[in-house]
S.K.: 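Let me begin by handing over the structure; questions about it come next.
Fair warning: this is a prediction, and the values are worked out from it, not measured in the lab.
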Amino acid sequence: VQLQASGGGLVQAGDYLRLSCATSGRTFSRYHMGWFRQAPGKEREFVAGITLSGSSTYYPDSVKGRFTISRDNGKNTVYLQMNSLKPEDTAVYYCAASWLASRNSGQYSYWGQGTLVTVSS
């Protein structure tokens, strides 16, 4: 599975962005999907996960209520809608695919290249 993330950019605090992650192949619906982020000097952090059909989503407290993950299995694409962005959301955002629904980056086998989100104050 190849993943291509896009949609990052420079925004102001309080603004929104929508990230997309397009995948190759016809097996997208067999993978649980997740979004992670990594800020400079920090470890990679889980920000959102979605199950195979999209029936369940899960988030850490740091983004709950502001970020929404969704997927379109017909388009082989997963999205991350990010609202009310804060400067601390600044990071490179990665999409990833896993055989398991997990918050643990080690459970994800396939990763996109990352897209940079910068939130100015």
Side-chain angles (χ1 to χ4, degrees):
V1 176
Q2 292 185 325
L3 295 80
Q4 181 75 35
S6 62
L10 172 62
V11 297
Q12 293 186 332
D15 284 349
Y16 63 92
L17 275 177
R18 188 194 196 201
L19 305 184
S20 298
C21 177
T23 68
S24 64
R26 296 177 291 178
T27 60
F28 176 71
S29 61
R30 299 181 186 177
Y31 293 95
H32 301 273
M33 299 299 296
W35 285 94
F36 293 78
R37 67 186 180 188
Q38 188 165 20
K42 295 189 177 181
E43 294 186 352
R44 191 166 294 189
E45 173 189 20
F46 169 78
V47 294
I50 188 166
T51 53
L52 300 176
S53 65
S55 59
S56 294
T57 58
Y58 42 103
Y59 311 88
D61 289 343
S62 58
V63 307
K64 192 176 295 182
R66 300 189 299 122
F67 290 11
T68 302
I69 188 172
S70 61
R71 66 189 297 164
D72 185 335
N73 286 347
K75 295 182 178 180
N76 293 343
T77 302
V78 61
Y79 305 97
L80 183 68
Q81 178 69 39
M82 305 186 295
N83 298 331
S84 302
L85 283 163
K86 304 175 181 180
E88 52 263 44
D89 294 318
T90 295
V92 176
Y93 283 72
Y94 300 89
C95 57
S98 173
W99 296 110
L100 302 172
S102 175
R103 300 170 183 254
N104 184 349
S105 61
Q107 299 287 350
Y108 287 77
S109 301
Y110 304 97
W111 291 83
Q113 85 290 359
T115 185
L116 177 63
V117 173
T118 304
V119 184
S120 64
S121 58

S.K.: For Arg103 and Gly49, indicate whether the former's side chain and the latter's backbone hold a donor-acceptor pair under 3.5 Å.
M.R.: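 Here the side-chain-to-backbone pair does not exist.
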
S.K.: Run Tyr110 and Tyr31 through ring-ring contact (aromatic ring centres under 6.0 Å, His included) and show every step you take.
M.R.: CA-CA 10 Å; Tyr110 304 97; Tyr31 293 95; 5.7 Å; yes

S.K.: State, to 0.1 Å, how close Trp111 and Ser105 come at their nearest heavy-atom pair, and which atoms those are.
M.R.: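 Shortest heavy-atom separation between Trp111 and Ser105 comes out as CZ2-O, 3.5 Å.
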
S.K.: Any non-hydrogen side-chain atom of Phe67 less than 4.5 Å from a side-chain atom of Trp35?
M.R.: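 With C-beta onward as the side chain, the pair stays apart.
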
S.K.: Backbone N or O of Ser102 within a donor-acceptor pair of the Tyr58 side chain at under 3.5 Å?
M.R.: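 Between the backbone of Ser102 and the side chain of Tyr58 there is a qualifying donor-acceptor contact (under 3.5 Å).
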
S.K.: Is atom NZ of Lys75 surrounded by more than 12 heavy atoms (other residues, nucleotides or ligands) closer than 6.0 Å?
M.R.: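 It does not: Lys75 NZ has 12 such atoms or fewer within range.
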
S.K.: Is any side-chain heavy atom of Arg66 closer than 4.5 Å to one of Lys86?
M.R.: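 Side chain of Lys86 against side chain of Arg66, heavy atoms only: contact under 4.5 Å found.
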
S.K.: Flag yes if Leu116 and Leu3 sit in one hydrophobic cluster, no otherwise; membership is Ile, Leu, Val, Met, Phe, Trp, Tyr, and two members link when side-chain heavy atoms are under 4.5 Å apart.
M.R.: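 Not linked; separate clusters.
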
S.K.: What about Leu19 and Tyr108, same hydrophobic cluster or not, with Ile/Leu/Val/Met/Phe/Trp/Tyr joined at side-chain heavy-atom distances under 4.5 Å?
M.R.: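 No, Leu19 does not connect to Tyr108 through the hydrophobic network.
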
S.K.: With a 3.5 Å distance limit and no angle check, can you tell me whether Arg18 reaches the backbone of Gln81 through a side-chain donor-acceptor pair?
M.R.: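 Side chain of Arg18 to backbone of Gln81: no pair is present.
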
S.K.: How close do Asn73 and Phe28 get, counting heavy atoms only, and between which atoms?
M.R.: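 Heavy atoms only, the tightest pair is OD1-CE2, 3.0 Å.
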
S.K.: With side-chain contact (heavy atoms from CB on, under 4.5 Å) as the test, would you mind laying out the steps for Thr27 and Val1 before giving the verdict?
M.R.: CA-CA 8 Å; Thr27 60; Val1 176; 3.8 Å; yes

S.K.: Between Ala48 and Leu80, what is the shortest heavy-atom contact and its length?
M.R.: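 Looking at all heavy atoms of both residues, the closest pair is CB-CD1, 3.8 Å.
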
S.K.: Does the side chain of Ser84 come within less than 4.5 Å of Tyr16's, by heavy atoms?
M.R.: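 Counting from C-beta outward, Tyr16 and Ser84 never come under 4.5 Å.
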
S.K.: How many angstroms lie between atom OG1 of Thr23 and atom CG of Asn76, to the nearest 0.5 angstrom?
M.R.: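 Output value for this atom pair is 4.0 Å.
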
S.K.: Are any side-chain N or O atoms of Thr115 and backbone N or O atoms of Gly8, one a donor and one an acceptor, separated by less than 3.5 Å?
M.R.: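 At least one qualifying donor-acceptor pair exists.
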
S.K.: Side-chain contact, heavy-atom cut-off 4.5 Å: Thr57 with Thr68?
M.R.: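 A side-chain contact under 4.5 Å is absent here.
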
S.K.: When you look at Arg44 and Tyr94, which way does the side-chain contact (heavy atoms from CB on, under 4.5 Å) test go after all the steps?
M.R.: CA-CA 9 Å; Arg44 191 166 294 189; Tyr94 300 89; 3.7 Å; yes

S.K.: Phe46, Tyr59: one ILVMFWY side-chain cluster at the under-4.5 Å cut-off?
M.R.: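 Different hydrophobic clusters.
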
S.K.: Heavy atoms only: give me the nearest Met33-Ile69 pair and the separation to one decimal.
M.R.: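 What the structure gives for the nearest pair is O-CD1, 4.0 Å.
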
S.K.: Is Leu10 reachable from Val92 through a run of hydrophobic residues whose side-chain heavy atoms are each under 4.5 Å from the next?
M.R.: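 Unlinked, Val92 and Leu10 end up in two clusters.
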
S.K.: Could you tell me if the side chain of Asp89 sits less than 4.5 Å from the side chain of Arg37, heavy atoms only?
M.R.: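 SC-SC contact between Arg37 and Asp89 confirmed.
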
S.K.: Between the side chain of Arg71 and the main-chain N/O of Leu52, is any donor-acceptor distance below 3.5 Å?
M.R.: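 Yes; at least one donor-acceptor contact below 3.5 Å.
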
S.K.: Return the minimal non-hydrogen interatomic distance between Pro87 and Ser121, and the atom names on each side.
M.R.: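 Nearest heavy atoms, Pro87 then Ser121: CG-CB, 3.8 Å.
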
S.K.: Assigning hydrophobic clusters by single linkage (Ile, Leu, Val, Met, Phe, Trp, Tyr; side-chain heavy-atom cutoff under 4.5 Å), is Leu85 placed with Val63?
M.R.: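 Shared cluster, yes.
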
S.K.: Within the side chain of Thr51, is there an N or O that forms a donor-acceptor pair under 3.5 Å with the backbone of Ser56?
M.R.: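 Flag set: sc Thr51 to bb Ser56 pair under 3.5 Å.
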
S.K.: Would you say Gln113 has more than 12 foreign heavy atoms packed within less than 6.0 Å of its CD?
M.R.: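 Above 12, so yes.
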
S.K.: Give a yes or no answer on whether the side chain of Thr90 reaches the backbone of Glu88 with a donor-acceptor pair at less than 3.5 Å.
M.R.: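 No, because the side chain of Thr90 does not come within donor-acceptor range (under 3.5 Å) of the backbone of Glu88.
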
S.K.: Please examine the side chains of Leu17 and Val117, heavy atoms only from C-beta on, and report whether any two atoms are closer than 4.5 Å.
M.R.: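 Yes, close enough: below the 4.5 Å cut-off.
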
S.K.: Phe36 versus Glu45: any side-chain heavy-atom pair under 4.5 Å?
M.R.: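 Phe36 vs Glu45: side chains apart.
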
